[in-house]
Amino acid sequence: MKLSGIEVRVIEMPLVSPFRTSFGVATSREALVVRAVTDEAEGWGEGVAMRDPLYSSEYVEASVDMLTRFLIPALARVPDLDASKVAPALAKFKGHRMSKGAIELAILDAELRGKGVPLSRELGAVRSKVDCGVSVGIMDSIPELLDAVAGYLDEGYVRIKLKIEPGWDVEPVRAVRERFGDDVLLQVDANTAYHRGDAHLLARLDPFDLLLIEQPLDEEDLLGHAQLAKTVRTPICLDESVVSARAAADAIALGACSIVNIKPGRVGGYLEARRIHDVCVANDVPVWCGGMLETGIGRAANVALAALPGFTLPGDTSGSNRYYTRDITEPFVIEDGTLSVPTGPGIGVTPSPEALEEVTVRTEWITF
Ligand SMILES: [Mg+2]
C-alpha cells in the first residue's frame, strides 16, 4: 500500500447535554479526524484526546502537533506500509498513544477497505451484535439523575454506569438501586478521584452489589489499587492505568484489578487493544469496551472490537444520540439494548462530507 497523503482535521461537535465527570464538565467534544489517502483506498481514524489534558496528559492541540511534526513524517519513510508497521515505526516517540492510535486506525481502515475485509473479522469478532451500556455523568441533584437513568433504561440500555466523585457516590448509587431495583446492572467510575486513604468511603458501596468500581485511584497507583482490592468487596476495574498490554499484565499480576476497561484510542490503537484483550482472556479477566465520546468513526471500530470473545460485560458503546444530535457518519442506533457490528469493509462506515465540514474547525494536509 502506498500513501499519497494524510489529512488531520480538528472537529468540534456540540453534545446533546453537558457531560460532567470528576475531572470537569464538557459541553462539546473537540476531537481529531484523520484521513489516510492511499493508492488502494481511503481510510478513517479518530483521535480521542480531549481539548484539555484532564483525562490524560494528551490533548487535541498536542495531538495535531505530534501527528503533523513527528508521526506522519516518520510513516512517510516506511516501505510497503501497512497497519502492522505503524506502531513499530512510531515506537521511538515516547507516549502520545492517542495520536498513534488515530493514525494507526486510518491506515488499518484503508488497508482493510482495499482488501474488502471488515475490521470485526480482522480483529477476530465472534458476535454480530454487542450489548450496550451507558455512562451517566454527575448531576446537580438526585431527581435529575433518576430522570436521566429512567430515560436510558427506557431506551433499552442494559447496563448503567454512574460517574462518581467524593460527595457524589453512595447517595446516587443508593437512589438508583431504590428506584430501579437490584436487577439493573450497575457500576461506577471515579476517573481517579479518590486516594488510598478513601478505602473506607469506597467500601460503603459494597452493599449495593455493583458490577465494578472503575479507576478509583490515580492512574499510576497500581499498588494502591491492589491494596484497595483487598479491602473492598466490589471488583476493581482499571481504565486510565491500562495503557498497554504490558500494563494490563502488570496490573493483573499485582492484583490491582479483576476487570479491565479497554479503550483502543487510549492504548495506541486497535492492534494493541486486541493484545490487551488476549492478555486478559489468558488470565480469566473479563473486559469491556469503554468510550471516549467517539464520533461514528471510533464508535464503529469500538463496536467491532467489543464483538471479540473476551468482551463479556456490556460496554459504553452507546448509540450516537447519547452524545450527538447529528453524527458525522450514519448514526449508531440502539435496538433491544444492542448495536449491530458494521459488516462493510474496514470500519464499515464513512463520514458524510457535508456533516464533517459543518463541525470542522481546521484542516491540515500532509502530502507524501
Ligand atoms: Mg473510565
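We count ligands from 1, going down the list as the structure has it; atoms in each ligand are counted the same way. When reading the values below, keep in mind they use all heavy atoms of this one structure, side chains included, and skip hydrogens, waters and symmetry mates.
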Engineer: With heavy-atom distances below 4.5 Å as the criterion, would you say the side chains of I334 and V134 are in contact?
Structural biologist: no
Engineer: Measure from NZ or CZ of R322 to the centre of the six-membered ring of F19, then state whether that distance is under 6.0 Å and the direction lies within 45° of the axis.
Structural biologist: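 Yes, a cation-pi geometry.
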Engineer: Given 3.5 Å as the limit, does a donor-acceptor pair link the side chain of R177 with the main chain of D209, or not?
Structural biologist: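 Yes, because the side chain of R177 sits within donor-acceptor range (under 3.5 Å) of the backbone of D209.
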Engineer: Distances under 2.8 Å only: what protein N/O/S atoms are near the Mg ion (ligand 1), ordered by chain and residue?
Structural biologist: D189 OD2, E214 OE2, D239 OD2
Engineer: What residues form a salt bridge (charged side-chain N to carboxylate O under 4.0 Å, His left out) with E178, not counting sequence neighbours?
Structural biologist: none
Engineer: Do R159's NZ or CZ and the ring of W288 fall within the cation-pi criteria of under 6.0 Å and 45°?
Structural biologist: yes
Engineer: Taking only Lys NZ, Arg NE, NH1 and NH2, and the carboxylate oxygens of Asp or Glu, determine whether R362 and E364 approach each other closer than 4.0 Å.
Structural biologist: yes
